[in-house]
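For reference, the structure is listed below as structure tokens.
Quick note: numbers below take in every heavy atom, side chains included, and nothing from hydrogens, waters or symmetry partners.
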Amino acid sequence: MSSPDTTAAPVKAGARQWAGLAVLALPTLLISLDQSVLFLALPQLAESLRPTGTQILWITDIYGFLVAGFLITMGTLGDRIGRRKLLMIGAVFVGAASVLAAYSTSAEMLIATRALLGIAAATLMPSTLALISNMFTDPHQRGRAVAVWASCFMGGTALGPVVGGVFLEFFWWGSVFLLGVPVMVLLLIVAPFVLPEYKDPNAGRIDLFSVLLSLVSILSVIYGLKELARYGFGPAPLTALVVGLSVGTVFVKRQRALEHPLLDLKLFRVGAFTAALLILMVSMLGTGGGYLFITGFLQMVEGFSPMEAGLWMVPSAVASILAAQVAPAFAKRFQLGTVIGASLLIGMTGYAMLVLVDPVGGLPLLLAGFVIIFVGVGTFGSLGTNLVVGSVPPERGGSAAALSSISGDLGNALGVAALGSLGTAVYRDTFAPGAGVPAHAAEAAAASMEDAVVAARELPSGAADALMSAAEEAYTNGLNTIGFACAVLAAASAAISLTMLRKRHGAASSGQAPQQRSKQESSTDTAPESLPVP
């Protein structure tokens, strides 16, 4: 196929492309649901399978570890073998792994099936986002499409606890995994008719040693950050971080030497692409750390159940979805750097409100701040993701989508580790139980708010109230400190946007410089085009 005219106006997407977007929204929603739906099932799961404490940690973490670890590999693999093909292969394995997880008969089996589910899910995220960049070549339409994609991801994360709570009300713990089966079946039936195929005809073979290096590097870094968040500084997390960074250095050097690298480092020469990834990581650092303490406040200070806490978080999810939908309209009228910077400053205002939250009567201010934060998150989530995929040539779309997801994952993990540690340190420094609290209970409660809740259950009502009052005060101090730190991070992200993206105009990421449509699609798709959407 001859190379198309790169100066021609982008082709407007038709009804078939918009139907394809609806199909791509399904796995995106499922991936985000799977990230949070399991937490409510842990008590029932623990009663049925009797896992050890370590096994519970691996059951909850292994999925996210392997999704992050395989994103680069799967994004590049889709560029080589075909993005629709990889999406459908992944759908088969996600469906099968979901059934196996639902009917696991031991903790070891559940860990193994969750691992398989993570590897399979890693095929979906870069494939869906990269296909959007192929289907929507018009910058404005692509902005709207990415906004829908981002809304599904953010909405699924918030709705996970709610959906999980409903299922657990009527079914057994394994039912939460079966959510993915009908979604994947529908995807397999409809995808061949509405999704185009795309692959890079000039891609070389995948370097398996690079795959190994990327896995070891990413998994080690994320594992180290999570262990730091749980246990603080120690030999295991620090060793994991050193190993991950060292192997990552070897990975980068190898990519520079390969003719067909697993990750094309030339992508980082595109200023808008690099700026978007940097802003995404920094802003998600604040979101991850803030989310951790906000949900903890709802459950341990306000006393809500996990499902009730999930319901209180629905308004923020709605705010982020609405912000994501209207963001492209603002990007059409104003400079992109200005819009993104303004959204981050809005988020900064929400974080600043957390600084003022009190342990008694602080819920309205907390929820208002949370909603404002997610107005900023939704706006940048839409525009920043669109900027990433729109700033690179189409044959690199899978790699760009994978890097976008990894930046968010790393920022979130780093935020949980760094800001979680900061909040815990403030809690320990300011925890001061009053008179009447036994020394052994005070000592146990000084470690964390979770330990305080456990210790209070074993005390008489008067001593328990005094202990919990002190713990709630200290925990709120930690939340206030994290709110301040997150406000600083949001301001830093806004500064990056206003400087590095100041010349970027709002065809929201039209990506005109690097969007050379080189030797276009090797399309195996034969379904007829429908009438265009007005």
Side-chain angles (χ1 to χ4, degrees), residues 129 139 143 146-147 150 154 221 225 252 265-291 320 323-324 327-328 330-331 333-352 354 372-392 400-419 422 482-514:
L129 192 50
V146 171
M154 291 181 286
V221 169
L225 290 174
V252 169
L265 300 178
K266 293 177 183 177
L267 294 176
F268 292 97
R269 296 178 183 175
V270 180
F273 175 85
T274 303
L277 290 180
L278 181 60
I279 296 168
L280 178 62
M281 186 166 69
V282 174
S283 60
M284 284 305 297
L285 194 154
T287 304
Y291 196 91
S320 69
F330 283 100
R333 298 189 59 186
F334 305 103
Q335 262 194 353
L336 185 62
T338 302
V339 177
I340 292 177
S343 73
L344 293 166
L345 291 175
I346 290 172
M348 181 191 73
T349 303
Y351 285 123
L354 300 185
I372 292 172
I373 289 166
F374 273 80
V375 169
V377 169
T379 304
F380 174 71
S382 171
L383 298 182
T385 303
N386 187 26
L387 181 58
V388 171
V389 298
S391 297
V392 301
L403 285 171
S404 174
S405 298
I406 288 173
S407 292
D409 287 342
L410 286 176
N412 184 73
L414 184 59
V416 170
L419 296 179
L422 173 63
I482 286 180
F484 178 79
C486 289
V488 172
L489 288 171
S493 299
I496 295 171
S497 175
L498 293 171
T499 54
M500 296 185 71
L501 299 177
R502 65 184 183 279
K503 296 180 181 179
R504 196 76 178 182
H505 288 280
S509 59
S510 60
Q512 294 171 353

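Looking only at side-chain heavy atoms (C-beta outward), L344 and I279 come within less than 4.5 Å of each other. Looking at T379 and I340, their side chains never come closer than 4.5 Å, going by heavy atoms from C-beta outward.
Atom-to-atom distance recorded for F484:CZ and L422:CG is 10.5 Å, nearest 0.5 angstrom. In this structure, CD1 on I482 lies 10.5 Å from OH on Y351, to the nearest 0.5 angstrom. Taken from OG1 in T349 to CD1 in I373, the straight-line distance is 10.0 Å, to the nearest 0.5 Å. One distance of note links CE of M281 with CG of L489; it measures 11.0 Å at 0.5 Å rounding.
Residues A324 and A147 share a closest heavy-atom pair of O-CB, 3.0 Å. Across every non-hydrogen atom of M348 and A487, the tightest pair is CG-O, 3.4 Å. In this structure, A331 and L383 approach most closely via the heavy-atom pair CB-CD2, 3.8 Å. Across G341 and A494, no two heavy atoms sit closer than the pair O-CB, 3.7 Å.
Formation of a donor-acceptor pair under 3.5 Å by the S497 side chain with backbone atoms of S493 is not found in this model.
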